[in-house]
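All remarks here apply to the structure that follows.
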Amino acid sequence: MNLPTPYLFILIFFGCLLFIGILLSFLSKKENVSDNIEKRIEGALPGVQCAQCGYPGCYAYACALAKGEAKINQCIPGGPDTVDNLAKILNVDAQQLKDDSDDMIFTPRTVAIIHKQPCTGCTKCTRVCPVDAIKGKIRMVHEVDMEECIGCGECVDICPVKCIEMTRLEPTIKNFNWEIESIRITGETK
Ligand code: SF4
Ligand code: SF4
Ligand code: SF4
């Protein structure tokens with residue numbers, strides 16, 4: 001079928017318009033999806049705008065999270081609940097990062113404990129402990145002073161009867177990190 005030139009021109013012109021329209025609609029949908037993620041992330045943040053996350057405000061942190069450039073535990077005022085909510089939105093595992101986040105406020109959180117019954121009192125653990133946190137006489141049950149233990153884990157593998165285990169302490173006023181430069185705010189923010 002041979003169309004006269006003006007009709008052909010109109011057909012090509014409208015064809016181009018249709019193509020540009022479809023392209024623009026596709027691009028705008030894509031932009032909306034990414035914008036939605038950033039907005040959802042921002043909605044999960046406390047909105048304090050304190051910059052303790054290392055970004056100038058909650059939205060900037062949300063954008064960095066959406067791009068995979070930041071970790072979900074950087075919002076100090078938000079604490080573990082925010083880490084959980086961000087993990088759900090971004091579909092990542094929260095536990096390790098929650099622990100790290102608590103370590104910023106309560107320190108040390110991970111310490112060694114010695115299970116008494118298998119301990120032979122060989123003293124091998126006392127010799128590797130860099131801070132002399134393990135107490136006990138030769139051939140007597142040994143014990144870790146949790147106030148002293150820095151959680152390095154050096155003693156765990158050296159124990160011939162494998163009776164040393166690393167454990168996380170519950171956060172209490174005793175292990176609060178008084179050196180902290182930032183503080184977590186709880187409760188509703190307006
Ligand atoms: S630390 Fe949390 S509350 Fe403060 S600006 Fe960053 S995201 Fe917002
Ligand atoms: S974990 Fe490190 S600091 Fe703690 S008792 Fe063992 S060796 Fe010592
Ligand atoms: S290395 Fe193990 S068995 Fe030896 S004293 Fe330490 S805890 Fe006890």
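Atoms within a ligand are numbered from 1 in the order they appear, just like the ligands themselves. Numbers here are sequence positions counted from 1. The basis for the numbers below is simple: all heavy atoms, side chains too, and nothing from hydrogens, waters or symmetry mates.
- Contacts with ligand 2 closer than 4.0 Å are made by side-chain heavy atoms of Ile134 only, the backbone lying farther away.
- When each atom of ligand 2 is checked for a heavy atom of Gly153 under 4.0 Å away, the hits are 1 (S), 2 (Fe).
- Atoms of ligand 3 lying under 4.0 Å from any heavy atom of Gly121, numbered from 1 in the order shown and given with element: 5 (S), 8 (Fe).
- Following chains of ILVMFWY side-chain contacts shorter than 4.5 Å, one can reach Val144 starting from Val156, so the two form part of one hydrophobic cluster.
- Note on Cys163: not counted as a metal contact of atom 6 (Fe) of ligand 3, no N/O/S atom lying under 2.8 Å.
- Of the possible donor and acceptor atoms, one in the side chain of Tyr61 sits under 3.5 Å from a partner among the backbone N and O of Gln74.
- The minimum heavy-atom distance between Ala112 and Cys149, with the atom names listed, is N-SG, 3.4 Å.
- Linking Ile, Leu, Val, Met, Phe, Trp and Tyr whenever their side-chain heavy atoms come within less than 4.5 Å leaves Val141 and Met146 in two separate clusters.
- For residue Cys125, no N/O/S atom approaches atom 4 (Fe) of ligand 3 to within less than 2.8 Å.
- With a 4.0 Å heavy-atom cut-off, ligand 3 is reached by the side chain of Ile114 but not by its N, CA, C or O.
- Ligand 3 has at least one atom lying under 4.0 Å from a heavy atom of Thr123.
- Note that CD1 of Ile113 and CE of Met166 are 9.5 Å apart. Values are rounded to the nearest 0.5 Å.
- The contact set between ligand 2 and Cys152, taken as ligand atoms under 4.0 Å from a residue heavy atom, comprises 1 (S), 2 (Fe), 3 (S), 7 (S).
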### Task
For the pair Ile164 and Ile158, evaluate side chain to side chain contact (heavy atoms under 4.5 Å, CB included) and give the outcome as yes or no after the intermediate values.
CA-CA 9 Å; Ile164 307 180; Ile158 203 87; 5.5 Å; no
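- Judged by distance alone, with hydrogens and angles left aside, the side-chain atoms of Glu69 form no donor-acceptor pair with the main-chain N or O of Ala64 at under 3.5 Å.
- Within the 4.5 Å cutoff, the side chain of Ile89 has no heavy atoms near those of the Ile72 side chain.
- In this structure, the protein non-hydrogen atom closest to atom 8 (Fe) of ligand 3 is Cys119 SG, 2.4 Å.
- In Val131, the part holding a heavy atom less than 4.0 Å from any atom of ligand 2 is the side chain.
- Side-chain atoms of Thr167 and Val111, non-hydrogen and from C-beta on, do get closer than 4.5 Å to each other.
- For atom 8 (Fe) of ligand 1, the count of nearby protein N, O or S atoms, meaning those under 2.8 Å away, is 1.
- A donor-acceptor pair under 3.5 Å is formed between the side chain of Gln49 and the backbone N or O of Cys58.
- Put simply, CD1 on Ile114 and NZ on Lys135 are 11.0 Å apart, with the number rounded to the nearest 0.5 Å.
- The closest protein non-hydrogen atom to atom 2 (Fe) of ligand 3 is Cys159 SG, 2.4 Å.
- Looking only at side-chain heavy atoms (C-beta outward), Thr123 and His142 come within less than 4.5 Å of each other.
- When only non-hydrogen protein atoms are considered, atom 4 (Fe) of ligand 3 lies nearest to Cys122 SG, 2.3 Å.
- Distance check, rounded to the nearest 0.5 Å: CD of Glu143 to SG of Cys125 gives 11.5 Å.
- At a heavy-atom cutoff of 4.0 Å, ligand 3 is contacted by no atom of Cys155, backbone or side chain.
- Nearest protein heavy-atom contact of atom 3 (S) of ligand 2 is Ile150 N, 3.4 Å.
- With ligand atoms numbered from 1 in the order given, ligand 3 contributes 7 (S) to contacts under 4.0 Å with heavy atoms of Ile164.
- One hydrophobic cluster, built from ILVMFWY side chains closer than 4.5 Å, holds both Val92 and Leu86.
- Atom numbering of ligand 3 starts at 1 in the shown order; those under 4.0 Å from a heavy atom of Val161 are 3 (S).
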